[in-house]
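Before any comments, here is the structure.
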Amino acid sequence: MFVDWTSRNDERTEAIGTLGGASVTLAGPLGAAYLHEDWMEFGLAYFTPPLPASDMIEMVGLFEGSAFEVSFRLPLKDPVFHLGSLASELEFLELPAGTRVDRLSGDDHFEVDGNKVRGEFADPVANPDGSLGPSDSNGSVRLRGREPVASIRFTLKPTYTAGSPDGVHLQIGGTVQQPVFVDWTSRNDERTTAEGTLDRRTSVTLAGPLGAAYLHEDWTEFGLAYFTPPLPASDMIEMVGLFEGSAFEVSFRPPVKNPVFHLGSLASELEFPAGTRVDRLSGDDHFEVDGNKVKGQFADPVPNPDGSLGPSDSNGSVRLRGREPVPSIRFTLKPTYTAGSPDGVHLQIGGTPLPNTSPTETATA
């Protein structure tokens, strides 16, 4: 799966695309942008896998060196870089421990040495039909590691010393680490506890003041573009934010990595423990993340074209990013308005289960 690049800003410092339904951002000095699958050179045998019709973003390697960062809203496993017309040294920075850069394919002058990829200047090669083929070096590398990555930093510096800066053609692919979401199976009559499973192996418990429970994949609002990834048919548990504040705890057995919270109709401030890293994945204009807090605003439902009512308040998704799996998460919920009924917030939770584990195995270990 490769990036569908959708825009590059006028300042040529940022390009944005999507991969697996989640946003991808490339920051650094940029050149041309092919955004309509109208770039064909990645279809040559130098690239693995070949892409006969693809998007392309041109990176600019300045003689003093250029710095780039690519960020993935959903972590990417084993990213692949197609590098065309490379007459620079590309150096990956601060890769996770155990990650290695593998050369997948390329021409004779496309080389990998540790965390560096090198290409050489070369004039275009004439094709049999008289047209010109690719210039410089061309090939593909893969960053193979144990864990999916959320961002990659690298530098680019020409391997020649005169002329214009180096324009390097880029496309990025990999396996998107899609979170698995909870199959909620019950909510008690007291509306204080909900139970479910994640990937049929991980038991999940949510404790706190609860409202409605949709347990049969009959909730459709998480399929809207406010949520990453969108879930057209999902379960949903409603949390109740009391004016004096409500306390919640979600427990995973065994622990999960990088939990994702879909939060619908949020007119409250949700606060995680101090020091928690919370990434905003997506949301409407009033869905905000500030440190360990997620904030939404009261708003009446927006009418749809067919006359039905759309979602109310704020809506969006966040991810709790950390190196270690989490067995439980505590948080509070308090409305951001001061009158009326308590806030009913729609919740769905996803995460990455640990491999080769089950609740029984964990309990007896």
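Please read these numbers as outputs of a predicted model, since none were measured by experiment.
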Worksheet item: Measuring from T193:OG1 to N188:CG, what's the distance to the nearest 0.5 Å?
Response: 4.5 Å
Worksheet entry | Check: A87 main-chain N/O paired with T159 side-chain donor or acceptor under 3.5 Å | yes
Item to complete: Please answer whether the main-chain N or O of G31 pairs with a side-chain N or O of R8 as donor and acceptor at a distance below 3.5 Å.
Response: yes
Worksheet item: So do the side chains of S282 and R73 get within less than 4.5 Å of each other, counting heavy atoms only?
Response: no
Worksheet entry | Side chain to side chain, P75 and R319, heavy atoms closer than 4.5 Å | yes
Worksheet item: Any chance the side chains of S135 and S85 put a donor and an acceptor closer than 3.5 Å?
Response: yes
Worksheet entry | Minimal non-hydrogen separation, G173 against L76, with atom names | O-CD2, 3.6 Å
Item to complete: Would you check if I172 and V24 make a side-chain contact, meaning some heavy-atom pair closer than 4.5 Å?
Response: no
Discussion item. Are F261 and F331, when compared by the centres of their aromatic rings, separated by less than 6.0 Å?
Written reply: yes
Worksheet entry | W39 and Y34 aromatic ring geometry - parallel, tilted or perpendicular at 30°/60° bounds | perpendicular
Worksheet item: Are S54 and E37 close enough that a side-chain donor and a side-chain acceptor fall under 3.5 Å?
Response: no
Worksheet item: Counting heavy atoms not belonging to K77, are there more than 12 under 6.0 Å from its NZ?
Response: yes
Practice prompt. Inspect the surroundings of CD in E64 and state if more than 12 heavy atoms from other residues, nucleotides or ligands are less than 6.0 Å away.
Written response: yes
Practice prompt. Decide yes or no for L90 and L156: does some side-chain heavy atom of the first lie under 4.5 Å from some side-chain heavy atom of the second?
Written response: yes
Practice prompt. Please check if the distance between the ring centroids of F92 and F81 is under 6.0 Å.
Written response: yes
Discussion item. Within the 4.5 Å heavy-atom criterion, are F181 and P229 side-chain neighbours or not?
Written reply: yes
Fill in: Closest heavy-atom pair and its distance - F287, L266
CE1-CD2, 3.9 Å
Worksheet item: Above 12 or not: heavy atoms from other molecules or residues under 6.0 Å from CG of D108?
Response: no
Worksheet entry | For S317 against H262, the heavy-atom pair lying closest together | OG-ND1, 2.8 Å
Practice prompt. For residues L270 and T332, determine if any side-chain heavy atom of one lies less than 4.5 Å from a side-chain heavy atom of the other.
Written response: no
Item to complete: Would you mind listing the cluster partners of F121? Hydrophobic ones only (ILVMFWY), side-chain contacts under 4.5 Å, chaining allowed.
Response: F63, Y160
Worksheet entry | Spatial distance of atom OG1 (T197) from atom CD (E195) [nearest 0.5 Å] | 10.5 Å
Item to complete: State, yes or no, whether a side-chain contact exists between D235 and V182 at a heavy-atom distance under 4.5 Å.
Response: no
Worksheet item: Under the 3.5 angstrom rule, does the side chain of R153 hit a backbone N or O of A67 as a donor-acceptor pair?
Response: no
Discussion item. Any non-hydrogen side-chain atom of D136 less than 4.5 Å from a side-chain atom of D166?
Written reply: yes
Discussion item. To the nearest 0.5 Å, what is the distance between NZ on K116 and NZ on K157?
Written reply: 10.5 Å
Discussion item. When you measure from the side chain of D107 to the backbone of H109, do you find a donor-acceptor pair of N or O atoms at a distance under 3.5 Å?
Written reply: yes
Item to complete: Determine whether more than 12 heavy atoms belonging to other residues, nucleotides or ligands lie under 6.0 Å from atom OH of Y46.
Response: no
Discussion item. Counting only heavy atoms not in R330 (residues, nucleotides, ligands), do more than 12 fall under 6.0 Å from its CZ?
Written reply: no
